[in-house]
Amino acid sequence: MTDTASHQPVRVRFCPSPTGTPHVGLIRTALFNWAFARHHGGTLVFRIEDTDTSRDSEESYTALLDALRWLGIDWDEGPEAGGDYGPYRQSERRAIYDDVVKRLLDAGELYEAFSTGDEVKARREAAGQDPQLGYDNYDRDLTEEQKERFRAEGRAPVLRLRMPAGELAWHDLVRGEISFDAATIPDPVMVRGNGDPLYPLTNPVDDALMGITHVLRGEDLLPSTPRQLALYAALRRVSVTDFTPEFGHLPYVMGEGNKKLSKRDPQSNLFLHRERGFIREGLLNYLALLGWSIAPDRDVFSVDELVAAFEIGDVSANPARFDVKKAEAINATHVRALDVTDFTERVVPYLIEAGVLPERPDEDRLATLRAIAPLVQERVTVLSEAALLVRFLFVDEESFEVEEAAAAKTFKGDAGDVLRASLDALGALEVWESDAIEQALKTALVDDLGLKPRKAFGPVRVAITGRTVSPPLYESMELLGREKSISRLSRALNEFEA
RNA sequence: GCUCCCAUCGUCCAGCGGCCUAGGACUCCGCCCUUUCAAGGCGGCGACGCGGGUUCGAAUCCCGUUGGGAGUACCA
């Protein structure tokens, strides 16, 4: 009989309960499980723990699938993938739990407990103990007569697991030796009074039945590991399984302050990051950095590199703070590394969303976009920022507007002279392309007017793009075209003089 | 309260007894490049919580302490 999982083919699982929108901490857990499985050529099982009908929803189930697919975290067994250990949604496994419960109950591993919370509390207090110690194992050795009496009162018993005496210890994959004194852990409830199996039962039972070899999960589950170990021992005694998996507890993902990143915090929402224009490569890279590193002097890497290098033993035990700034920096380098065509395709939806492009952009607009794309690519950290940079190229002349702050900052002092001189110089231009535009403007503004480049080009930029920050000026003007460029410069001049 | 986990720059990570007058990244600040903004280059600020041990030698091992966090449900 195999005692631990170390020599078996790796089978790990990701088993969220479908509540709310996907949280970055949850996805980090999925990522580590996935990387671990792929690194070892193992299997990733995706299981849905939807046993809490009051909180679970089909929307968040769909969202989970969406999130994993977007990031490319694929699973080998689970919903929509099938597998030999299904069903993979706990809501469809009730008969299985009922059977296991019966076996555990018959073997005396589980017992009926009739005590109410108030009764337990009263007993603790009467004994001079702190009620916060929890259940007192009072019902462990009830006689049949006592049980009958309770039933006659109309009480429906919960089923509790008989915890062993002594020490419950394991070698945690990320933390090393951990041990609990079993005496400090009250017999946990496994089945509700109404017969519904609870998470503390279903989770290990499914892990056992699905042959999970390594349980990699959040640190918040660490205190429940002892009772889990005890359940596993019981499951082995009733031959539901013949080995206990190894455990590894991943550190928390923290938010601002010293708290676990809350589901309420927008930063925790994976989809918000996607909407802002994080690309999967960047977000995946950053998420992997939360508790792990690929090398002492490098933190930008690809998914393939992650898989090749990932070792669970290298995961840090410290909580990690989710730092948007760093995430953006990592994302930006992945954005820049994209092939321009790829970048262009990915940015289109964001431009449509921002109203910069119509639902179905025509070929003209796409050509313009392709031309400006390389200049935008190195200027954004997230894709949604591109809208601000290219809007001036796509907006109708009637709706084109100069940003107020930009105008206030730039249209002053010599601005009128600059705009006039620019119009004169550009009007005389024979070919409308960036080199010629550059020459004409430099001659007119820097040489003839004797202005510093900074002073000289500011008003032109703002007049043309409406902003102080834009793609390179001459290329922008070339793409905008002579007619619109001239008209915007005139318009700016008129407004300046008015 | 009880149990458990964690402890290196502001943040994340490296360090697993000597290579450490502690390294990288993000942030911040300079400088260079430059038509703006970026990118890129160069440089700077900046940490081993504290106290005991162990050892020839400790950021690294042990104990304590302090601080932080989590769990303590008929939620998952």
Side-chain angles (χ1 to χ4, degrees), chain A residues 15-19 49-52 54-56 90 113 116-117 129-135 156-160 172 174-175 178-181 183-186 188-200 202-203 218-226 249 251-252 254 257-260 286 289-300 313-314 316-330 332-333 336 375-381 385 389 406 410 438 441-442 445-446 452-458 460-462 465 467-474 476:
Chain A
C15 51
S17 57
T19 58
E49 308 217 328
D50 52 352
T51 50
D52 184 350
S54 64
R55 299 197 314 164
D56 300 327
Q90 290 192 329
T116 65
Q129 297 167 337
D130 185 348
Q132 291 185 100
L133 256 23
Y135 181 61
V158 298
L159 264 28
R160 290 185 184 266
D172 195 272
V174 346
R175 281 150 219 271
I178 296 180
S179 76
F180 287 73
D181 177 357
T184 64
I185 305 164
V189 175
M190 295 281 136
V191 179
R192 274 185 178 142
N194 68 4
D196 288 347
L198 259 13
Y199 166 84
T202 59
N203 178 274
E219 162 178 9
D220 48 334
L221 273 327
L222 193 149
S224 74
T225 307
H249 291 90
Y252 282 112
M254 316 277 284
N258 271 36
K259 298 186 300 282
K260 195 177 149 186
Y286 180 67
L289 250 19
L290 260 21
W292 183 79
S293 68
I294 196 165
D297 57 354
R298 183 162 75 107
D299 55 18
V300 174
D314 291 339
S316 158
N318 316 13
R321 200 170 309 275
F322 189 89
D323 179 352
V324 193
K325 279 280 201 289
K326 174 129 185 188
E328 286 173 352
I330 297 286
T333 100
R336 273 177 252 120
L375 303 174
V376 171
Q377 185 173 6
E378 63 181 19
R379 260 157 258 260
V380 298
T381 58
E385 287 170 2
L389 290 173
T410 319
E438 173 174 4
L441 287 179
K442 275 189 171 159
L445 305 178
V446 179
K452 294 224 181 281
R454 191 182 175 77
K455 279 271 178 199
F457 299 105
V460 180
R461 177 184 308 282
V462 172
T465 68
R467 310 180 70 230
T468 53
V469 175
S470 77
L473 183 57
Y474 316 124
S476 294

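The figures that follow rest on heavy atoms only: side chains count, while hydrogens, waters and symmetry mates do not. Labels below follow one simple rule: chain letters A, B, ... track the order of the sequence lines, proteins then strands, and each chain is numbered from 1.
- Within the 4.0 angstrom heavy-atom criterion, only backbone atoms of the sugar-phosphate kind lie near A/Ser316; the bases stay farther away.
- Side-chain atoms of A/Val189 lie closest to B/C74 of the nucleotides B/G69, B/C74, B/C4.
- Under the Watson-Crick and G-U wobble criteria, each requiring two contacts below 3.5 Å, nucleotide B/A7 is paired to B/U66.
- The phosphate of B/A38 has neither OP1 nor OP2 within less than 4.0 Å of any side-chain N or O from A/Arg336.
- A distance of about 37 Å separates the C1' atoms of B/U3 and B/G46, rounded to the whole Å.
- Separation of the P atoms belonging to B/G52 and B/G10 is 24 Å when rounded to the nearest angstrom.
- The residue A/Pro296 sits close to a base: some heavy atom pair falls under 4.0 Å.
- To the nearest 0.5 Å, atoms CZ (A/Arg461) and OH (A/Tyr474) are separated by 8.5 Å.
- Distance, A/Asn318 CG to B/A14 P: 8 Å, rounded to whole Å.
- Nucleic acid contact class of A/Asp52 (heavy atoms, under 4.0 Å, all strands): sugar-phosphate only.
- For B/C75, the OP1/OP2 oxygens have no side-chain nitrogen or oxygen of A/Ser17 closer than 4.0 Å.
- In the set B/A76, B/U11, B/C5, the nucleotide with an atom closest to the side chain of A/Arg175 is B/C5.
- Rounded to whole angstrom, the span from the CZ atom of A/Arg55 across to the P atom of B/C75 amounts to 10 Å.
- At whole-Å resolution of the value, CZ in A/Phe322 and C1' in B/G10 are 18 Å apart.
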Determine, step by step, whether A/Met190 and A/Leu198 satisfy the side chain to side chain contact (heavy atoms under 4.5 Å, CB included) criterion, reporting the C-alpha distance in whole Å, the side-chain angles of both residues, the deciding distance to 0.1 Å, and the verdict. CA-CA 5 Å; A/Met190 295 281 136; A/Leu198 259 13; 5.9 Å; no
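- Note on A/Lys326: every side-chain N or O is 4.0 Å or more away from OP1 and OP2 of B/U27.
- B/C62 and B/A70 have their C1' atoms separated by 25 Å, given to the nearest Å.
- Of the two residues contacting RNA chain B, namely A/Ala329 and A/Ala295, the nearest-nucleotide position lying further toward the 5' end is that of A/Ala295.
- Base pairing of B/G30 is made with B/C42, judged by Watson-Crick or G-U wobble geometry with both donor-acceptor distances under 3.5 Å.
- Nucleic acid contact class of A/Lys442 (heavy atoms, under 4.0 Å, all strands): sugar-phosphate only.
- For B/U72, the paired nucleotide is B/G1, the pair qualifying as Watson-Crick or G-U wobble because both relevant distances are below 3.5 Å.
- Distance A/Glu328 CD to B/A39 P: 12 Å, rounded to the nearest Å.
- If you check every strand for non-hydrogen atoms under 4.0 Å, A/Leu473 touches a base.
- Comparing A/Arg298 and A/Phe457 by the nucleotide of RNA chain B whose heavy atom lies nearest to each, the residue mapping closer to the 5' end is A/Arg298.
- In the set B/C6, B/C26, B/C37, B/C6 carries the atom at the smallest distance from any side-chain atom of A/Pro319.
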Would you check, one step at a time, whether the test side chain to side chain contact (heavy atoms under 4.5 Å, CB included) holds for A/Arg467 with A/Leu389? CA-CA 9 Å; A/Arg467 310 180 70 230; A/Leu389 290 173; 3.9 Å; yes
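- Relative to the side chain of A/Thr184, the nucleotides B/C5, B/U3, B/G69 differ in distance, and B/U3 lies closest.
- When the P atom of B/U34 is taken as reference, atom CZ of A/Arg461 falls 15 Å away, rounded to whole Å.
- Within 4.0 Å of A/Thr19, counting heavy atoms only, lies no atom of the nucleic acid at all.
- Distances from the side chain of A/Lys325 to the nucleotides B/C26, B/C4, B/U35 place B/C26 closest.
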Run the numbers on A/Trp292 and A/Val174 for side chain to side chain contact (heavy atoms under 4.5 Å, CB included), then give the verdict. CA-CA 11 Å; A/Trp292 183 79; A/Val174 346; over 6 Å; no
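- Checking B/C37 for Watson-Crick or G-U wobble geometry (two distances, each under 3.5 Å) identifies no partner in any strand.
- Across B/C12 and B/C48, the matching P atoms stand 15 Å from one another, rounded to whole Å.
- Remark: the separation of the C1' atoms in B/G71 and B/U65 is 23 Å, to the nearest Å.
- Taking every side-chain heavy atom of A/Asp299 into account, B/A25 is the closest of B/C13, B/U36, B/A25.
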Steps toward side chain to side chain contact (heavy atoms under 4.5 Å, CB included) verdict (A/Val300, A/Ile330): CA-CA 7 Å; A/Val300 174; A/Ile330 297 286; 4.2 Å; yes
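- With B/A70, B/C37, B/C13 as the candidates, the nucleotide lying closest to the side chain of A/Ala320 is B/C13.
- In this structure, CG on A/Asp299 lies 9.0 Å from OG on A/Ser293, to the nearest 0.5 angstrom.
- Using C1' as the reference atom, B/A22 and B/G18 are 14 Å apart when rounded to the nearest Å.
- If you take CG on A/Leu290 and CZ on A/Arg321, they are separated by 11.0 Å, rounding to the nearest 0.5 Å.
- As judged by a 4.0 angstrom heavy-atom cut-off over every strand, A/Gly117 is placed among residues making no nucleic acid contact.
- A/Thr19 and A/Arg55 share no donor-acceptor pair across their side chains, judged by distance under 3.5 Å alone.
- Among the heavy atoms of the strands, none lies under 4.0 Å from A/Thr465.
- Note: A/Lys326 NZ to A/Leu289 CG = 5.5 Å, rounded to the nearest 0.5 Å.
- Here the separation of B/C75 from B/A14, taken at their P atoms, is 38 Å to the nearest Å.
- Each of B/C26, B/U3, B/C75 was ranked by its minimum atom distance to the side chain of A/Arg192; first place goes to B/C75.
- On a pure distance criterion of 3.5 Å, a polar donor-acceptor pair joins the side chain of A/Arg379 and the base of B/U36.
- Taking a pair to require two hydrogen-bonding distances under 3.5 Å in either a Watson-Crick or a G-U wobble arrangement, B/C19 remains unpaired.
- Remark: the backbone N or O of A/His249 is paired with a side-chain donor or acceptor of A/Arg175 at under 3.5 angstrom.
- Rounding to whole angstrom units, CE of residue A/Met254 and P of B/G69 are separated by 7 Å.
- Across all strands, A/Val158 comes closer than 4.0 Å to base atoms (heavy-atom distances).
- When heavy atoms are screened at a 4.0 angstrom cut-off, A/Gly458 is found touching no nucleic acid atom at all.
- A/Glu378 comes within contact range of at least one nucleobase, with a heavy-atom separation under 4.0 Å.
- B/C26 sits 23 Å from B/C20 when the C1' atoms are compared, rounded to a whole Å.
- Between the CD atom of A/Gln132 and the C1' atom of B/U3 there is a distance of 12 Å, rounded to whole Å.
- Among the atoms of the strands shown, none is found under 4.0 Å from any heavy atom of A/Asp50.
- Across all strands, A/Pro251 comes closer than 4.0 Å to no nucleic acid atom at all (heavy-atom distances).
- One can place CG of A/Leu221 at 10 Å from P of B/G71, the figure rounded to the nearest angstrom.
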